[in-house]
Amino acid sequence: MNNNSEYLNIFFSSSVNTNDRNQFLPSNTSTVRDFLKTRTPSVPDLTRPPTVLPLVIPSSSIGAPNEDIRLCTIYRNDPTDIFGIELNYHRQEQFHSLSIASGRNNEPSNAEQAGIKSEDRLIETNGQNIQNLSHDHIIQRIRAVEHPDPLVVLVANAPTFECYKQQQKLIHRSLPNVKVMSPNRRAPSVSPTASSRQK
């Protein structure tokens, strides 16, 4: 386990050698003319088929194989329930990843049921990109989500994250290849009394 992990209870050009140049230095004008006359341009051999160079596709146009970007919605059963994730900060590489924590009675956690996978790279929480936020700030944002509100996270698996990073491309929820996962459960219904109390 990473020491920086924290469990969330809320879960060309050519040159001529100097010596070679000296042997071509002219002594008078007529020598220069004679020297230039001897240099005839090369004529391509049209009898040979042209050389076909391989097509090089820029790396920026190549997508990650089997891109895996997911928008996951995580609900909790009650205020004492947890989201079921562990937030890990990789200080040297400067990114955050998620790990799955066990749910109640060793059942699949809310996060796992919502589509989160271990080692997923965290991109957004509730619509805000968190990649430039501090570890503490991200924890505060997650802890600020109160029941029955969900935690909505945008994640990518490691190969996809690295591919976008190398190409200096931004991962966001508006990409056409984002998979919108089903929530782990239906949104809890709020009683009129609780609703008026929240207002």
Side-chain angles (χ1 to χ4, degrees), residues 1-11 59 62-188 190:
M1 187 67 62
N2 192 307
N3 291 332
N4 295 315
S5 303
E6 177 173 341
Y7 278 95
L8 300 184
N9 293 327
I10 53 155
F11 278 101
S59 60
I62 303 176
N66 302 320
E67 290 187 2
D68 186 8
I69 306 172
R70 282 162 277 121
L71 186 65
C72 305
T73 303
I74 312 171
Y75 283 99
R76 293 176 292 175
N77 288 312
D78 53 67
T80 64
D81 197 6
I82 62 174
F83 290 120
I85 55 174
E86 175 191 347
L87 180 65
N88 310 299
Y89 180 50
H90 303 259
R91 189 178 304 277
Q92 184 174 357
E93 298 87 355
Q94 295 185 342
F95 68 84
H96 285 84
S97 68
L98 297 177
S99 299
I100 300 297
S102 59
R104 287 177 171 175
N105 301 321
N106 292 324
E107 295 180 352
S109 69
N110 294 321
E112 187 174 3
Q113 295 180 47
I116 300 295
K117 302 175 183 177
S118 285
E119 302 305 323
D120 275 345
R121 279 24 176 184
L122 182 61
I123 310 298
E124 293 181 3
T125 61
N126 287 0
Q128 180 178 355
N129 189 293
I130 56 83
Q131 293 180 275
N132 292 325
L133 300 182
S134 68
H135 184 68
D136 291 339
H137 193 170
I138 298 173
I139 292 175
Q140 291 173 6
R141 283 186 55 81
I142 296 176
R143 285 179 174 167
V145 179
E146 298 181 355
H147 179 271
D149 296 335
L151 173 64
V152 182
V153 294
L154 183 68
V155 297
N157 69 355
T160 303
F161 181 84
E162 290 300 323
C163 180
Y164 273 72
K165 183 178 179 180
Q166 290 175 6
Q167 297 181 23
Q168 298 182 347
K169 294 167 60 178
L170 180 65
I171 299 176
H172 54 87
R173 64 172 59 198
S174 299
L175 291 172
N177 54 340
V178 173
K179 302 173 187 175
V180 180
M181 309 300 290
S182 298
N184 58 310
R185 57 178 47 85
R186 293 181 180 178
V190 180

Is there a side-chain contact between [X] and [Y], using heavy atoms and a 4.5 Å cut-off?
X	Y	answer
N129	H172	no
L175	Y164	yes
V152	E124	no
H147	D81	no

ask   = Q131 pairs by side-chain contact (heavy atoms from CB on, under 4.5 Å) with which of I123, I138, L122?
value =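 Per the side-chain contact (heavy atoms from CB on, under 4.5 Å) rule, the option paired with Q131 is I123, out of I123, I138, L122.
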request  = Return each pair, listed once, that meets salt bridge (Lys or Arg N to Asp or Glu O under 4.0 Å) where at least one residue sits in residues 111-122; pairs must be two or more places apart or across chains.
outcome  =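 The answer is D68-K117, R70-D120, E119-R121.
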So, the side chain of [X] versus the backbone of [Y]: is there a donor-acceptor pair under 3.5 Å, distance only?
X	Y	answer
N110	I82	yes
S99	E86	no
N126	L151	no

Of all heavy-atom pairs between [X] and [Y], which one has the smallest distance, and what is that distance?
X	Y	value
T73	P150	CG2-CB, 3.6 Å
C72	V155	SG-CG2, 4.3 Å
S118	I100	OG-N, 3.4 Å
R91	Q94	O-CG, 3.3 Å
R141	Q128	NH1-OE1, 2.6 Å
S109	A101	CB-O, 3.0 Å

task = Count the heavy atoms belonging to other residues, nucleotides or ligands that lie under 6.0 Å from CD of E93, then report whether that count exceeds 12.
result =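 Yes, enclosed.
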ask   = Taking it one step at a time, do L87 and L98 satisfy side chain to side chain contact (heavy atoms under 4.5 Å, CB included)?
value = CA-CA 5 Å; L87 180 65; L98 297 177; 3.9 Å; yes
inquiry  = Can a side-chain donor-acceptor contact be found between T80 and D78 if the only test is distance below 3.5 angstrom?
reply    =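 Side chains of D78 and T80: pair found under 3.5 Å.
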ask   = Parallel, tilted or perpendicular: which fits the ring planes of H135 and H96, with parallel below 30° and perpendicular above 60°?
value =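 Plane angle under 30°, so parallel.
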